[in-house]
Amino acid sequence: MASFTAKDVAALREKTNAGMMDCKKALTEADGDMDKAIDFLREKGLAAQAKKSGRIAAEGVVQTYTDEAANVSVVVEVNSETDFVAKNDTFRSLVLGVAKTIAEQNPASVEALQDMTMSGKDETVAAAFQEAVLSIGENMKIRRFERVTGHTATYVHGGGAVGVIVMFDTDDATAATAEFKEMGKDVAMQVAAMSPQYLDPASVPADVLEHEKGIMIAQMKEDPKMANKPEAVLEKIVVGKIGKFYKEVCLLDQQYVKDGDMDVKGYVASVAKKLGADIKVTGFIRYAKGEGLQKKEENFADEIAKMVK
């Protein structure tokens, strides 16, 4: 008997938009393994590529901060027990202070950050959090952060639901222009909205690419019109399908959301041409609040309390 519950079936349906009975069959075939069940549905042509994360259970906020003078940008996620506290001005101020501390002092880890003096204060980050817990009456925890140097653009969506940093290679004069800043924000908004997994086709790991090819071949074998074609023919068709895969998961190959007639790299190139400059997107960071902290029916407040202890 496969080990899965009705909630697992519902979660799979949410991830894939496949029918309830198809999801149940997929989980049965995969012996309850969610990733294998997603592959089963895709191979049968019953689901598109599933999003990297499903329903978000954690509360809190993702914050970005840029110190333009130092050319440093930060994205940080701080979790709280409730959404109500995440909207609290004291909590928001605390998170911004954490982001500034990361920018100024470049901690190596969340643990190292705890012992640093909070930006603009005489107390440590850990002490500031203890004080906030007593004031607000709710536990909270710094979950993760990233700090980058160089020319960047940042964007926060949904009041802290998603935070993005996009990194660029260009000269200082170009980075200071209003046109570059607008383009950078547009690209960061693209990352927030379309959730790309990779920068460009060259960034896609070989094993991921081979996995996708395997899914595509399995899909074609499920199609009566394609099933009897030689493997060599199927391989050639897959080459064409890979281009579509890149357009879904690679930022620079995605259709630009503000102008469907061009892709993101085309949009960046158009701004570079207008400015007479070289502009290259070199990477991006996208944090979604609570990403990877999905729970079944656990008490998230208890979880945060355990983490704090």
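Computed from a prediction, not measured in an experiment: that's the story for all the values here. FYI, side chains are in, hydrogens and waters are out, and symmetry mates aren't considered; it's all heavy atoms of this structure.
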In a table with atom names and distances, give each donor-acceptor pair under 3.5 Å that connects a side chain of residues 33-41 to protein atoms at least two apart or in another chain.
unit_1	atom_1	unit_2	atom_2	d
D33	OD1	D35	N	3.0
D33	OD1	K36	N	2.9
D39	OD1	H211	NE2	3.2
D39	OD2	H211	NE2	3.1

Problem set entry | Whether over 12 other heavy atoms sit under 6.0 Å from Q114 CD | yes
Exercise. By side-chain contact (heavy atoms from CB on, under 4.5 Å), which residues pair with S93, not counting sequence neighbours?
Worked result: none
Problem set entry | Pair D223 + K225, salt bridge at N-O below 4.0 Å | no
For this session: Using a strict 4.0 Å threshold on nitrogen-to-oxygen distance, state whether K213 and E210 make a salt bridge.
Result: yes
Problem set entry | All side-chain contact (heavy atoms from CB on, under 4.5 Å) counterparts of S135, not counting sequence neighbours | none
For this session: Report yes or no: do T66 and S73 form a side-chain donor-acceptor pair below 3.5 Å?
Result: yes
Problem set entry | Between D259 and Y267, a side-chain donor and acceptor under 3.5 Å | no
Exercise. Salt bridge check: are R147 and E104 linked by an N-O gap of less than 4.0 Å?
Worked result: no
Exercise. Of the options N79, V95, V98, which is the one that meets I142 in a side-chain contact (heavy atoms from CB on, under 4.5 Å)?
Worked result: V98
Exercise. Is the number of heavy atoms from other residues, nucleotides or ligands within 6.0 Å of CG (D207) greater than 12?
Worked result: yes
Exercise. What residues form a ring pair (Phe, Tyr, Trp, His ring centres under 6.0 Å) with F284, not counting sequence neighbours?
Worked result: none
Exercise. So if you build clusters from Ile, Leu, Val, Met, Phe, Trp, Tyr with side-chain heavy-atom gaps below 4.5 Å, do F180 and V72 land together?
Worked result: no
Exercise. Got a salt bridge between R144 and E291, using NZ or NE/NH1/NH2 to carboxylate O under 4.0 Å?
Worked result: yes
Exercise. side-chain contact (heavy atoms from CB on, under 4.5 Å) with D83: which residues, sequence neighbours excluded?
Worked result: E59, A86, K87, K289
Exercise. Please, which pairs that meet ring pair (Phe, Tyr, Trp, His ring centres under 6.0 Å) have at least one residue in residues 145-164, sequence neighbours excluded?
Worked result: none
Exercise. Should the heavy atoms of other residues, nucleotides or ligands under 6.0 Å from NZ of K265 be counted, would the total exceed 12?
Worked result: yes
For this session: Using atom types as modelled and distance alone, determine if a side-chain donor or acceptor of T124 lies under 3.5 Å from a backbone N or O of D115.
Result: no
